[in-house]
Amino acid sequence: MNGVVTRKTPRLPPTREESEAAAADRAAHYAARERKDAQVRGVASIAGMREAIKAAARTLPAIAGVPRVKALDKAAFRARAAQGLPFVMTGIVDRWPLAALTVQSLREHYSHLPVRARVGDYVNTAFAPDRAMRDMGMLEYLDLVAAGTEGLPPMHLPPYLGNLELRELNRLCHWPSYFDKIGPPRFWLGPAGTVTPLHCDYDDNLFAQVWGSKRIMLAPPHHDEFLYPNEANAILFGSPFDPEAPDFDRFPLARQAATIECLVGPGDMLYVPAGWFHQVRALTFSLSSNRWARGVPLVLGDRAADRRSIASAP
């Protein structure tokens with residue numbers, strides 16, 4: 001004080017030794033996480049599993065759309081999923097107590113739930129560790145949406161509750177026991193215009209559309225070579241390509257990617273096989289939930305060659 005101006009000492013750039021040590025720490029952390037992911041899924045290598053999934057996909061027939069079938073029992077589901085193609089099931093989700101809920105029900109009975117909303121340009125920062133998030137209560141979020149609050153330009157995206165573990169809501173769901181090991185349910189709530197950009201998860205995925213409707217764009221695993229993927233982690237890869245508004249000047253290889261459109265409505269359950277790219281857009285105010293399996297993807301279940309690839313990968 002007393003008129004004395006204090007200046008901060010400028011931060012020196014890291015030394016070569018510090019940079020190398022930081023890089024070694026990141027590599028060790030990545031390797032440890034990949035080992036844990038492999039152990040959870042019962043495979044020797046996540047990298048080998050990814051390559052086996054893509055090899056299996058190269059044998060798949062081309063499809064023009066996603067078939068719809070009635071609810072399957074466990075044996076029938078696993079047999080169909082082993083073919084490695086997506087499909088929609090009906091007659092499951094519409095029987096859940098959660099399907100009878102409305103937005104007003106959320107206001108009246110679940111306003112106290114703490115939630116974390118994706119805000120700002122959450123499409124172009126979808127896989128960044130520092131993307132913009134805002135903590136609030138369920139009632140505050142519903143009020144925010146009702147007020148028509150938009151995100152920051154240029155995207156002007158409405159705030160989105162994505163990938164949240166809401167146990168109170170899951171008590172109103174009756175998930176089929178298709179998988180021997182599966183992760184916890186995640187919930188997705190938001191108005192029309194909310195988007196999860198193109199990406200792939202290397203786990204089998206059950207996606208339940210509870211109410212509202214969404215458009216899901218899909219592309220097979222081996223077409224990653226056309227989709228400019230960026231690794232978020234060993235299980236998750238994002239793509240900057242937008243199949244709903246393709247920019248082939250920026251992404252010329254994407255012309256070769258086979259994309260199909262799938263519309264899901266209230267009561268639909270979509271099976272997304274491991275490695276399939278998908279982009280999800282809400283067409284109306286929607287509530288969705290999904291679960292990722294935590295085992296060897298079903299497409300590899302009876303493929304001895306692919307099993308050897310998983311076991312022998314470094």
Side-chain angles (χ1 to χ4, degrees), residues 26 29-30 33 36-37 96-99 101-173 175 182-199 201 203 205-212 214 216 230-238 240 278-292 294:
R26 288 193 297 270
H29 177 77
Y30 180 93
R33 177 169 179 173
K36 182 178 179 181
D37 285 340
W96 292 358
L98 185 61
L101 254 63
T102 63
V103 175
Q104 188 59 34
S105 301
L106 291 180
R107 286 182 171 275
E108 293 175 358
H109 302 293
Y110 299 96
S111 61
H112 63 285
L113 291 183
V115 297
R116 175 166 291 180
R118 301 178 178 187
V119 295
D121 182 5
Y122 52 78
V123 169
N124 289 318
T125 60
F127 309 106
D130 58 347
R131 64 184 175 188
M133 308 288 275
R134 179 174 162 187
D135 291 329
M136 61 185 74
M138 177 66 80
L139 183 59
E140 182 182 355
Y141 173 73
L142 294 175
D143 286 343
L144 196 65
V145 170
T149 303
E150 295 182 331
L152 299 174
M155 300 298 288
H156 295 289
L157 293 163
Y160 189 22
L161 302 186
N163 202 12
L164 300 183
E165 188 174 347
L166 302 175
R167 297 181 182 179
E168 291 86 348
L169 297 187
N170 189 51
R171 296 191 183 105
L172 304 176
C173 302
W175 291 91
I182 195 167
R186 316 297 295 190
F187 288 87
W188 311 76
L189 177 69
T194 54
V195 181
T196 301
L198 192 64
H199 68 285
D201 312 281
D203 284 317
N205 183 5
L206 284 179
F207 181 90
Q209 186 64 14
V210 183
W211 31 265
K214 288 185 172 179
I216 303 178
N230 298 306
E231 181 175 354
N233 58 59
I235 296 294
L236 172 64
F237 285 71
H278 49 291
Q279 177 163 299
V280 184
R281 178 183 296 274
L283 303 178
T284 66
F285 200 101
S286 294
L287 173 63
S288 313
S289 184
N290 83 294
R291 300 183 78 173
W292 288 286
R294 294 292 186 264

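Heavy-atom basis, side chains included; hydrogens, waters and symmetry copies ignored. Since this is a predicted model, take the numbers as computed values, not measurements.
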S.K.: Which heavy atom in Q279 sits nearest to a heavy atom in L198, and how many Å separate them?
M.R.: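 Taking every non-hydrogen atom into account, OE1-N, 3.1 Å.
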S.K.: Nearest 0.5 Å please: distance from the CG atom of L161 over to the CG atom of L144.
M.R.: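 Answer rounded to 0.5 Å: 9.5 Å.
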S.K.: Under a 3.5 Å distance rule, please check whether R291 uses its side chain to pair with a backbone N or O of G183 as donor and acceptor.
M.R.: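 Between the backbone of G183 and the side chain of R291 there is a qualifying donor-acceptor contact (under 3.5 Å).
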S.K.: For R294 and D203: C-alpha separation, side-chain torsions, deciding distance, then whether side-chain contact (heavy atoms from CB on, under 4.5 Å) applies.
M.R.: CA-CA 7 Å; R294 294 292 186 264; D203 284 317; 3.4 Å; yes
S.K.: Looking at CZ of R167 and CG of L169, how far apart are the two atoms once the value is rounded to the nearest 0.5 Å?
M.R.: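 Taking CZ in R167 and CG in L169, the distance rounds to 12.5 Å.
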S.K.: Ignoring hydrogens, what is the shortest heavy-atom contact between W211 and L101? Give both atom names and the distance.
M.R.: NE1-O, 3.2 Å
S.K.: Can you find a pair of side-chain heavy atoms, one from K214 and one from F207, that are under 4.5 Å apart?
M.R.: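 When only atoms from C-beta onward are counted, F207 and K214 do touch, with a gap below 4.5 Å.
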S.K.: Compute whether any side-chain donor of one residue and acceptor of the other, for R186 and N163, lie under 3.5 angstrom apart.
M.R.: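 Short answer, yes.
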S.K.: For T196 and R281, what are the C-alpha separation, side-chain angles and deciding distance, and is it a side-chain contact (heavy atoms from CB on, under 4.5 Å)?
M.R.: CA-CA 7 Å; T196 301; R281 178 183 296 274; over 6 Å; no
S.K.: Would you confirm whether Y122, through its side chain, and M133, through its main-chain N or O, come within 3.5 Å as a donor-acceptor pair?
M.R.: no
S.K.: Decide yes or no for L142 and L106: does some side-chain heavy atom of the first lie under 4.5 Å from some side-chain heavy atom of the second?
M.R.: yes
S.K.: How close do L166 and P114 get, counting heavy atoms only, and between which atoms?
M.R.: CD2-O, 4.3 Å
S.K.: According to the interplanar angle, ranging from 0 to 90°, do the rings of W188 and Y160 count as parallel (below 30°), tilted (30 to 60°) or perpendicular (above 60°)?
M.R.: tilted
S.K.: Return the CD1 to CG distance between I235 and D37, rounded to the nearest 0.5 Å.
M.R.: 5.0 Å
S.K.: Between T194 and L157, does the side-chain contact (heavy atoms from CB on, under 4.5 Å) criterion hold? Intermediate values first, please.
M.R.: CA-CA 7 Å; T194 54; L157 293 163; over 6 Å; no
S.K.: Is it true that R131 and D121 make a salt bridge, defined as a side-chain N closer than 4.0 Å to a carboxylate O?
M.R.: no
S.K.: Report the C-alpha separation of Q209 and L287 in whole Å, then their side-chain angles, then the decisive distance to 0.1 Å, and conclude whether the side-chain contact (heavy atoms from CB on, under 4.5 Å) test is met.
M.R.: CA-CA 7 Å; Q209 186 64 14; L287 173 63; over 6 Å; no
S.K.: Could you tell me which non-hydrogen atom of V210 sits nearest to which non-hydrogen atom of A99, and how far apart they are?
M.R.: CG1-CA, 3.7 Å
S.K.: I want to check something: taking the side chain as every heavy atom from C-beta on, are L189 and V115 in contact at a cut-off of under 4.5 Å?
M.R.: no
S.K.: Counting only heavy atoms from other residues, nucleotides and ligands, does the tally under 6.0 Å from CZ of R107 exceed 12?
M.R.: yes
S.K.: Verify, without hydrogens or angle tests, whether E168 (side chain) and R171 (backbone) share a donor-acceptor contact under 3.5 angstrom.
M.R.: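 No: the side chain of E168 does not pair with the backbone of R171.
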S.K.: Has T125 got a side-chain atom pairing as donor or acceptor with A128's backbone, closer than 3.5 angstrom?
M.R.: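 Not confirmed, T125 side chain does not pair with A128 backbone.
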S.K.: Please find the pair of heavy atoms, one from W175 and one from A208, that lie closest to each other, and give the distance.
M.R.: CH2-CB, 3.9 Å
S.K.: Could you check if a side-chain atom of P158 sits within less than 4.5 angstrom of a side-chain atom of F285, using non-hydrogen atoms only?
M.R.: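 Not in contact.
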S.K.: Find the distance between NE2 (H199) and CZ (F237) and round it off to the nearest 0.5 Å.
M.R.: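 So the NE2 of H199 and the CZ of F237 are separated by 12.5 Å.
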S.K.: Taking S111 for its side chain and E108 for its backbone only, find out whether a donor-acceptor pair lies under 3.5 Å.
M.R.: no
S.K.: Answer yes or no: is there a donor N or O on one side and an acceptor on the other, between the side chain of Y141 and the main chain of R116, under 3.5 Å?
M.R.: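 Judged by distance alone, no pair lies under 3.5 Å.
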S.K.: Atom CZ of F127 and atom CD of E231: how far apart are they, to the nearest 0.5 Å?
M.R.: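 Taking CZ in F127 and CD in E231, the distance rounds to 12.5 Å.
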S.K.: Can any side-chain N or O of S286 pair as donor or acceptor with the backbone N or O of T284 at less than 3.5 Å?
M.R.: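 Yes: the side chain of S286 pairs with the backbone of T284.
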S.K.: Ignoring hydrogens, what is the shortest heavy-atom contact between P185 and S289? Give both atom names and the distance.
M.R.: CB-OG, 3.9 Å
S.K.: From L113 CG over to E140 CD, what is the distance, rounded to the nearest 0.5 angstrom?
M.R.: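 The CD atom of E140 is 13.5 Å from CG of L113, to the nearest 0.5 Å.
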